[in-house]
Every structure is written in C-alpha cells, then in structure tokens.
Amino acid sequence: MKTLSDTGVVFTREIRPELRNPLGLVFGMIQPLVFLALFGPLLAGTPGVGQASPWQWFVPGVVVMLGLFGTASAGYYLLVEGGGGSLERMLVTPLSRTAMLIGRTMKEIVTLLAQAVLIIAVVLPLGFRLHPAGALAGLLLLTVLGVGLGSLSFALALAARRQPSIFYGVQQTLLFPLVLLSGVLLPMDDAPSWLYGMARANPVTYVVEAERALFAGDLSHPSVPYGVLAAVTVALVGLAVGTRGMRRASL
Amino acid sequence: MIHTRGLTRSFRVGKETVEAVRDLDIDVEKGELVAFLGPNGAGKSTSLRMLTTLLPPSAGTATVAGCDVLADPAGTRRRIGYIGQGNGAGDNFRVRDELVTQGRCHGLPRTESRRRADELLAALNLETLAKRPAGTLSGGQRRRLDIALGLVHRPELLFLDEPSTGLDPQNRANLWEHILRLREESGMTIFLTTHYLDEADSMAERVMIIDHGRVIADDTPERLKADLAGDRVTITVGDEPDATRAAGIAGRIPTAHEVTAEATTVSLRVTRGDAVLPDFLRSLDAAGVKALTAEVGRPTLDDVFLSLTGRSLRENDPASEGA
C-alpha cells in the first residue's frame, strides 16, 4: 500500500515538469522523427517491406525505436539528480525504494505513449492504415518493453553514479547495435547468415516483428507470442535489476 | 540523540583498503549543536553518510534518534533531516513543487504537505521564488531551499554537511540566522560538518575535531582553545641579545610553551595570557630588558588543530575550496 502511494508521489513529481513544458516531449523523439522523415521514404519498393504502403512496415519499428532511444536515456535524468544531490535528498526519506524506480519508469511510459501516438498521428495523413485494436495491443506491448528498458537504464545510471561517462559509454555502445540488429530500418531476411543469427538473438527483433503484426491488425500472428515473451522477459529483468540498484543506493 | 560505538568505514582503492572513519565513538544528547571540524578527507562526510543511512558502516553500531541505522533505516529517516553538500532540489523542478513532494515523501497528506511548504517558503524568505525552477536560483537561495527541504517533516535531529561552502559571508550569516532561529523555535538537535574554523567557533556549542578518521578532541570551542592552545603572548624588544634573555625569562612562566625568539620578537603560549602578561613584563624590567610592544592574541581553533596534529587546518583550505 505504501509502495503504491509512494509510486504516485514519485510519478507526480516526475511528470509535472513534462506537463508544464510539453515541447520537451518532441525533443525526446527527434531521432525517430528524423528516421521517419528522411529514411522512411527510401523504403518504397524495398524487397521484404511488403506490397502496401512502406509506412505500414516502417512505423511499428519506429515506435519500438522510440522506446529504445527515449526510454533507454531515462537514466540520464537520474544521473543528473545523483550528481546534483536531489537523489540523495530523497534517499534520506522513508520513501519506498521500489517506488522510486517504478514511479520514474511510469513517467517514462507516459512520455513514450504520448510520443508513439504523436508519431501515428503524423503518418496517418501519409497513407498509414490504422487498425485500432491492433494498435492498442501494439502500444501495450511497447509499454511492457519500455518498463524493462527504462528500469535497465535507471540501473545503469545508479551503477555509474560516480562515473557518469560509463553510463554514456555503455548506453551508446548497446543502443545502435540493438536498433540495427532488430530489423527496424531494413528487413533482415536477406542478411548474411551471421548477421541474421545475431538479429535472432536480439530480443528487440521479436518485439518489432510482433509490433508489425499487431499494427497490421493481425492479433493472432505467430510472431505475437514471441514478441510478448521477449518484452516481458526484458521487463522482468529490468525491474529486478533496477529495484535492486535503487535499494543498494543507500542502506 | 546520536550514539556510535566503533563505527568504521573502509573503502577499497585499487588493492589498498583505506579506512575513512575508524572506531568512531560519539555521543550527542538532545538539543546540542555540534560541529564536526576537520580538513577535507578527514572522514567528516563519510561519518555523516553513515549516520544518515546513506552508507552502510563496515563495522560498529550507530543509534540515531533512537533507531539503529542498520536495523531500522526507515525509522531513522523519518526522524532526521539531512542537508547534503549538493543541492536538494532538482534543477527542472519548481521550488514549491519540490517542497510539497518532500512532504509527501515523508508521508504527509497532500493538503498538510502544501500547507507546510507555504509555511517554510515564508520562514525562509522564498515566497517570491515559489514558481521558479530550482536551477534558476542563486547559491544563497538554493541553500535556503535546501534547509527548507530538510525541515519539512519537523525532524528532531538535523544533519548539515558543509552547509555554507561556496556562500559569500553575507549569505553565510543569513543562512545561520535562519538555522539558529528555527532551532530556537523547535529545539532540534543539530549536527554539522564544516572545514570553516570561524563557523565551528562561532556557531557550535560543541566541537569535535576529526583527523584521519578519528576524533582527536571534543569540547566547547572555548575550553578547546583554553586547554589545548592557550593565548599567544608576543613582545618585541630592542635587540637580539635582549630577545634571547626575554625568551629565557618566558620559559620560566609555569604554563609557557612554544616559546620562540625571532630577531627582536619573542612569542609564547600560556594559559590566561591576560593574567600572565603584567607579571612577565615586571620580570623583564627586573632583568633590565625593556619591552617595546606587548600583545595577547586569543587562540583560534586552528591553533588547537595545530597543537594536536602539528599541521594547520588553513594549509588545507585553498586546495579544498574548489573541491
């Protein structure tokens, strides 16, 4: 019960500056927007993308990319607060440590969903066909992935509290390979077998494939359970590592 | 209010184990205002971090505000206020929002938390800044906000880690005015760390001097200075032979120590310099040595530190200012 209300306290604190300055939401999605605008149009006619509008193939991936770029950098704010002293200040209150992580992750999720909806709104006039039930399911799957990535990012930030450069180093080293190996930008079907093998080892790949099926309205596609499994696994690992990190940040 | 026994914290630096705090035994009673004074790296902050549940001790026990920090960290946190070296409020968060959040973190209901935030904004002259993001405040304003954040839940014990570092003298005085007034109103116990000698001397009622992780002296500033340093009596005479003779006479004063003669200046440390000086001058007259000037210097806590360790606290100061 206390953890629940404490989560509300943390979430309220975190979301308030976002609500006061909604423009910040757009800054957080620059990279996916750039890919959408400057890379998306190149996909028309690419084999493996499908017969329909390339947006139908590309947008679900961009939504996942949003989750990767946005949520994975969530730890940045924690890093700043750890350096400044406000994290310490909150650690010397009876606030639940789990709530300190979950509340922050929830704020990331709200931001992520708002950005995803914005992206969909942008591509709707460009010929993207929306299947409401599938899209909702897709956003739910995105939420699960976001919980995991956000928590992992917080855990990384806590671990690197004394040396912030480690955070950026690890984050940047992991992020781009994860994006490239997930088949967000180009289909991996024709990839050399070693690259294809690496893509199959990347949990994000399964989430991207499930998102494509879901956004196409195909809720019973065989890729969906794999995507759910991958996202849930990332979420569980992230939450476990993240709450452990937050608990160990003080006594 | 604070009781520690054998409190120790060691860190591993590469392959070496460094003991930042060793065998700390301290007892602070309710209502005291205690300063932990020592050079940077002496173990002040490490001790404070253990007492405030931020850092687990390597050994020993600590009972803070009636709670064992290891067994009941949450209970400790409920009863103490902590004002760290950094800024308690996040840069992007509004001043009043952070105060309300802090109240909520301590379990105050929403309306009570808002009421308390407004009360503290008024008490610390922050009302006009309520809607400003904390990152836009000046150094002195931020420090006042830190104090407000530490007091939201009316703690019985307040910890301050280097509260006035980086503040100009005017802001420092202003900050202390607030702290002392709030203490008078609430009767809370205050435990602070500082490397400013004058701050420990003028503000604290009890000073613990810490060096290399150990408490090496613990008393009121007045008694520390009287017992451990003594007054410095300095006279000048006409020539060097006179100075040598004066030093000889000075050496016979019962409490005299650190007697030095440099050129025509003779200086010594004694207890109650004001009482010793007239006798000293009469003895000089009797010996035919004419004193040209005479003065009694009151000791500082730096003299205390110097007599305890052979080093000056001030020597550490310029380097530590930027740290």
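Keep in mind that this is a model prediction, so the values were computed, not measured. To find a chain, count down the sequence lines: A is the first, B the second, and so on, and within it residues start at 1.
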request  = Find the one option among Ser5(A), Pro94(A), Gly83(A) whose heavy-atom pairs under 4.5 Å with chain B are most numerous.
outcome  = Pro94(A)
ask   = Strictly under 6.0 Å, is that where the ring centroids of Tyr77(A) and Phe154(A) end up?
value = no
Region of Arg94(B) in contact with chain A, defined by heavy-atom distances below 4.5 Å = side chain
inquiry  = Quick check with a 6.0 Å cut-off and a 45 degree axis cone: is Arg9(B) positioned over the face of Phe11(B)'s six-membered ring?
reply    = yes
key: Option that, when pairs with chain A are counted at under 4.5 Å, heavy atom only, ranks first among Gly86(B), Gly88(B), Pro73(B), Ala74(B)   = Gly88(B)
message = Using a 4.5 angstrom heavy-atom cutoff, name the option from Met90(A), Glu81(A), Arg16(A), Met100(A) with the most pairs to chain B.
response = Arg16(A)
request  = Count the heavy-atom pairs under 4.5 Å between each of Pro17(A), Ser86(A), Ala249(A), Ser96(A) and chain B, then report the option with the highest count.
outcome  = Ser86(A)
request  = With a 4.5 angstrom heavy-atom cut-off, could you sort out which part of Val69(B) is near chain A: side chain, backbone, both or neither?
outcome  = both
inquiry  = Checking the side chain of Asn202(A) only, and the main-chain atoms of Leu178(A) only, is there a donor and an acceptor separated by less than 3.5 Å?
reply    = yes
request  = Let me see the working for Phe36(B) and Phe191(B) under ring pair (Phe, Tyr, Trp, His ring centres under 6.0 Å), right down to the final yes or no.
outcome  = CA-CA 7 Å; Phe36(B) 226 31; Phe191(B) 190 93; 5.2 Å; yes
query = What part of Ala99(A) lies closer than 4.5 angstrom to a heavy atom of chain B: side chain, backbone, both or neither?
reply = neither
ask   = Hey, which of Thr76(B), Asp146(B), Asp97(B) has the most heavy atom pairs under 4.5 Å with chain A?
value = Asp97(B)
message = For a quick check under 3.5 Å, do Asp168(B) and Asn171(B) share a side-chain donor-acceptor pair by atom type?
response = yes
query = Of all of Leu70(B), Leu149(B), Leu55(B), which one pairs up most often with chain A through heavy atoms under 4.5 Å apart?
reply = Leu149(B)
message = Less than 4.0 angstrom from a charged side-chain N to a carboxylate O is my criterion; do Glu18(A) and Lys107(A) meet it?
response = yes
ask   = So which part of Arg97(A) gets closer than 4.5 Å to some heavy atom of chain B, the side chain, the backbone, both or neither?
value = side chain
query = Would you call Arg116(B) and Glu112(B) a salt bridge, using N to O less than 4.0 angstrom?
reply = no
